[in-house]
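Order of the sequence lines fixes the chain letters, A, B, ..., with proteins taken first and strands second; residue numbering starts at 1 for each chain.
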Number of protein chains: 2
Amino acid sequence: MTTGFDTYLRTGTNLNDADIEQIVLAAKPLSLQRGEALLQHGQICRHKTFIVNGLLRIYGFGADGSEHILYFAPENNWAVEPESYHQQSPSQFTIAAVERSEVLVWTKPDFDRLLQHIPELTVLSEQLINRSHINNRQRLFSTLSATAEEKYEDFVRSFPDLLPRLPLHMIAAYLGISLKTLTRIRHAQVRR
Amino acid sequence: MTTGFDTYLRTGTNLNDADIEQIVLAAKPLSLQRGEALLQHGQICRHKTFIVNGLLRIYGFGADGSEHILYFAPENNWAVEPESYHQQSPSQFTIAAVERSEVLVWTKPDFDRLLQHIPELTVLSEQLINRSHINNRQRLFSTLSATAEEKYEDFVRSFPDLLPRLPLHMIAAYLGISLKTLTRIRHAQVRR
DNA sequence: ATGAATTATGGTCAAATGACCATAATTTCG
DNA sequence: CGAAATTATGGTCATTTGACCATAATTCAT
């Protein structure tokens, strides 16, 4: 059941079995239907989430109502809205399932308690935020500097596994280009 | 001399005077001419930097050689290239002075030593990375969702103090638009 | 103060992109 | 399986944006 999470912790951290058991016990498993939201924009992000299987996305709405995707979180990843979670303030972004997904959630109080009892979990948390920070910088730079075509090629290179799981309009919303442009790029590439 | 840094620490943290003295003693002051680089792209980021006064920028080069700016660091801010600093790997980005600047630098070993001795400094570091993370997400979302004009207006609203200190081509390089587009936007706004 | 460098603006044209619409293909789920 | 929804593609046209160039204004450093 939570097997994926167990092995994630066992292989990716220095947590011992007792710690892992504690962490797992504090989690609540949850199933999400395709399209179902875990966090609605405007709500407060009260949980930390681990995706056991499936695929979530974090997205927000532009001034004109259009969707723009900050992040795809597939299995064996975490999903939170950091600002909302950290400050317990209304979230600007929505977290929802792209595919039917199985996740584990911890309430913030529960997770904070775990962090106090298990120093190694703090180490993991910091690793995660560091990685996320570095990834965001890379992404920001790519968004600033690359052409639409380069962005798409980067995406394909970086997330070959996600490609067949995502509708093109979501990839476009992630890259910051229109669906039309994305279709054009793919068309041009086929002809080469 | 390092007064700006002292008051930054005293008013922004819970560090006590002894700690502050230790931190200041480990720092090396440095002057940078306009345009002078603190870290060249390709080099390893070996220092943590605090800007006492002046203004730095962190930028990288696109595939075509064009410059794109990730971040402006004015006085009372920190500047590092996180990935390069953390892993001591070659930096993709350059840190250079926009204005003549006075900075304080700590070598990584020295700063790590301070972190071990002064828990409160770790608290500060985590705050900084959290803030930076949240800012980057916001920026990314704005870059994805906003029009060129909205981006410029956001910038003006967010950094009114930086506006008169930056040449327009740098603001354009920060916003991810061409200088021409930025000029057009400003022209249109004047006429309203 | 002054010459050199940088910066800001504008014109013109081509290219890239998006909005809107229609349609076909595919997928989803009861 | 079959109907409904979603997804992918393409056409057309208007708009935005960028590249390239010239010029004026401003700022910089000695």
What integer distance in Å separates [X]:[atom1] from [N]:[atom2]?
| X | N | atom1 | atom2 | value |
| --- | --- | --- | --- | --- |
| A:R186 | D:dT7 | CZ | P | 14 Å |
| B:H169 | D:dG18 | NE2 | P | 16 Å |
| B:L163 | C:dA8 | CG | C1' | 14 Å |
| A:L168 | C:dA24 | CG | P | 19 Å |
| B:E99 | D:dA29 | CD | C1' | 16 Å |
| A:R165 | D:dT6 | CZ | C1' | 18 Å |
| B:I185 | C:dG10 | CD1 | P | 13 Å |
| A:I177 | C:dT17 | CD1 | P | 8 Å |

Of B:Y85, B:F50, B:W78, the one forming a ring-ring contact (aromatic ring centres under 6.0 Å, His included) with B:W106 is B:W78
At less than 3.5 Å, do the side-chain atoms of B:K180 and the base atoms of C:dT12 form a donor-acceptor pair?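 Yes, the side chain and the base share a sub-3.5 Å donor-acceptor pair.
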Give A:T181 one of three labels, base, sugar-phosphate or nothing, depending on what nucleic acid heavy atoms sit under 4.0 Å from its own. sugar-phosphate
What contact category does B:L179 fall into here, base, sugar-phosphate, or nothing, at under 4.0 angstrom with non-hydrogen atoms?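 If one applies the 4.0 Å heavy-atom cut-off, B:L179 turns out to touch a base.
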For residues [X] and [Y], is any side-chain donor paired with an opposing acceptor at under 3.5 Å?
| X | Y | value |
| --- | --- | --- |
| B:T94 | B:Q40 | no |
| B:Y152 | B:R186 | yes |
| B:Q92 | B:E81 | no |

Examine A:R10 relative to A:F5 and say whether NZ or CZ is less than 6.0 Å from the centre of the six-membered ring and inside a 45° cone about the ring axis.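 Not flagged: A:R10 not positioned over aromatic ring of A:F5.
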For [X] and [N], is the shortest distance between a side-chain N/O and OP1 or OP2 below 4.0 Å?
| X | N | answer |
| --- | --- | --- |
| B:R34 | D:dT27 | no |
| B:S178 | D:dT17 | no |
| B:R184 | D:dG18 | no |
| A:H187 | D:dG10 | yes |

Earlier contact from the 5' end, DNA chain D, for B:A148 and B:Q33: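 Counting from the 5' end, the first nearest nucleotide belongs to B:A148.
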Does A:R100 or B:P167 map to a spot on DNA chain C nearer the 5' end, using the closest nucleotide for each? B:P167
